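Heads up: the structure comes next, in structure tokens.
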Amino acid sequence: MSLYLDERFSALEPYTPGAQPQKTGYVKLNTNESPFPPSPMVAPAVAAEAERLNRYPDPQAADLLEAFAGWFGLKAENCFVGNGSDEILAFCFQALCPNGAAFADLTYGFYPVYCQLYGVDAKIIPLENDFSLNVETYAGLGRSIFIANPNAPTGLALSREEITKVLRSNPGSLVVVDEAYVDFGAESALPLLKEYDNLLIVGTFSKSRSLAGARLGYALGSRELISDLNRIKYSFNPYNLNRMTMAAGYAALKDESYFEDCRRQIMAVRADATAALGELGFECTDSKANFIFVCRPKLGGEQLYTRLWKKNVLVRWWNKPRIKNHLRITVGSRAEMDQLLSALREILSN
Ligand SMILES: *Cc1c(COP(=O)(O)O)cnc(C)c1O
């Protein structure tokens with residue numbers, strides 16, 4: 001820490017991303033990336049934009065917003081794009097939480113970090129014992145609400161009806177539904193946008209669109225909410241998306257069949273891996289995401305995590321109350337899940 005750091009940030013605990021070892025040879029199941037490369041349309045689109053890097057990108061991201069509007073059946077004025085959905089979530093915590101924020105005790109680890117960073121008061125609402133979110137505990141909160149749906153790291157999803165209850169029981173409060181994993185089998189809140197102007201949906205191309213390395217997120221909401229996000233963006237970094245990322249996102253969005261194929265494969269591999277883990281004595285939540293949240297009674301999470309790591313299999317473990325004995329395992333390719341399962345069999349047999 002230097003002499004110059006503002007005291008407000010001296011106690012800030014930054015978010016810890018999952019390990020990103022830059023050498024190869026790992027079975028990388030720790031940060032919920034897609035095991036599949038981006039759509040084959042992406043590389044040529046990116047290469048063409050690389051030739052134009054002497055020019056600033058379009059700050060309005062007009063082509064990309066049109067494509068989003070078409071895909072989601074909205075107007076461009078109801079869509080926003082950001083440098084990863086993390087950037088958009090940051091804008092929300094920074095500017096759209098005048099009365100504080102509320103979110104679950106077990107959810108995306110960036111929410112409490114943004115609260116610290118921007119000095120937002122956080123009300124933490126515990127999940128039930130089975131990690132489900134009881135929407136009755138979210139009524140009349142009087143602050144901005146953040147719900148990851150499906151939730152991370154539990155993988156559990158709320159129905160659209162349950163999200164509706166939260167929206168209805170919090171008139172006048174913003175409800176941000178973080179749909180980072182929605183393409184893997186949950187119900188999107190998208191149809192609710194027509195009716196609820198306190199709803200903001202945030203999504204990402206990092207998981208189901210195989211573009212984690214490009215950093216592309218989006219938000220969908222009322223014209224007023226989108227204009228609030230633009231107010232922050234244009235006060236911070238009007239060129240928040242670079243040319244290559246916009247081209248990559250556009251190409252990925254247009255390749256509908258590739259997207260469908262990838263997400264279906266992930267859901268099929270998830271079902272098979274969940275069954276196989278069950279046979280090995282693991283308890284798995286009913287995950288609607290591209291990861292499986294597991295624990296194995298009588299085996300410590302840390303020990304399992306370390307032993308997998310020694311076998312070059314990377315998964316995620318948190319030294320946190322309630323989930324110390326759990327692991328979050330990203331759904332990789334079939335071959336990767338086979339490697340995980342054989343590593344687990346070896347560990348369990350001695
Ligand atoms: C991965 C993830 C994000 C962040 O996505 P980026 O677009 O890569 O910044 C946001 N929310 C949740 C719940 C996530 O798991």
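When reading the values below, keep in mind they use all heavy atoms of this one structure, side chains included, and skip hydrogens, waters and symmetry mates. Start at 1 and go down the list; that is how both ligands and their atoms are numbered. Since we're looking at a predicted model, the values are computed, not measured.
When each of Met337, Arg264, Glu336 is tested with Val269 by the rule side chain to side chain contact (heavy atoms under 4.5 Å, CB included), just one qualifies, namely Met337.
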Show the short N or O contacts, below 3.5 Å, that ligand 1 makes with protein N or O atoms; if there are none, say 'none'.
residue, atom, partner, partner atom, Å
ligand 1, 5 (O), Ser85, OG, 3.0
ligand 1, 7 (O), Ser85, N, 2.6
ligand 1, 7 (O), Ser85, OG, 3.0
ligand 1, 7 (O), Thr204, OG1, 2.5
ligand 1, 7 (O), Ser206, OG, 3.4
ligand 1, 8 (O), Ser206, OG, 2.6
ligand 1, 8 (O), Arg215, NH1, 2.7
ligand 1, 8 (O), Arg215, NH2, 3.3
ligand 1, 9 (O), Ser85, N, 3.2
ligand 1, 9 (O), Asp86, N, 3.0
ligand 1, 9 (O), Asp86, OD1, 3.4
ligand 1, 9 (O), Asp86, OD2, 3.1
ligand 1, 9 (O), Arg215, NH2, 2.7
ligand 1, 11 (N), Asp178, OD1, 3.3
ligand 1, 11 (N), Asp178, OD2, 2.6
ligand 1, 15 (O), Tyr181, OH, 2.5
ligand 1, 15 (O), Lys207, NZ, 3.0

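Not a single donor-acceptor pair under 3.5 Å links the side chain of Lys165 to the backbone N or O of Ala139. The closest donor-acceptor contact from the side chain of Glu346 to the backbone of Ala343 lies at 3.5 Å or more, if one exists at all.
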Can I get a per-line list of side-chain donor-acceptor pairs under 3.5 Å for residues 142-155, giving both atom names and the distance, sequence neighbours left out?
residue, atom, partner, partner atom, Å
Arg143, NH1, Ala101, O, 3.2
Arg143, NH1, Asp121, O, 3.2
Arg143, NH1, Asp121, OD2, 3.0
Arg143, NH2, Asp121, OD2, 3.1
Ser144, OG, Leu96, O, 2.6
Asn149, OD1, Leu158, N, 2.6
Asn149, ND2, Leu158, O, 3.1
Asn151, OD1, Thr107, OG1, 2.8
Asn151, ND2, Leu106, O, 2.9
Thr154, OG1, Leu156, N, 3.3

For residues 271-278, dump all side-chain donor-acceptor pairs below 3.5 Å to protein atoms at least two apart in sequence or in another chain.
residue, atom, partner, partner atom, Å
Asp272, OD2, Arg334, NH1, 2.8
Asp272, OD2, Arg334, NH2, 3.2
Thr274, OG1, Arg270, O, 2.6

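By the side chain to side chain contact (heavy atoms under 4.5 Å, CB included) test, Asn134 pairs with Glu128, Glu136, Thr137, sequence neighbours left out.
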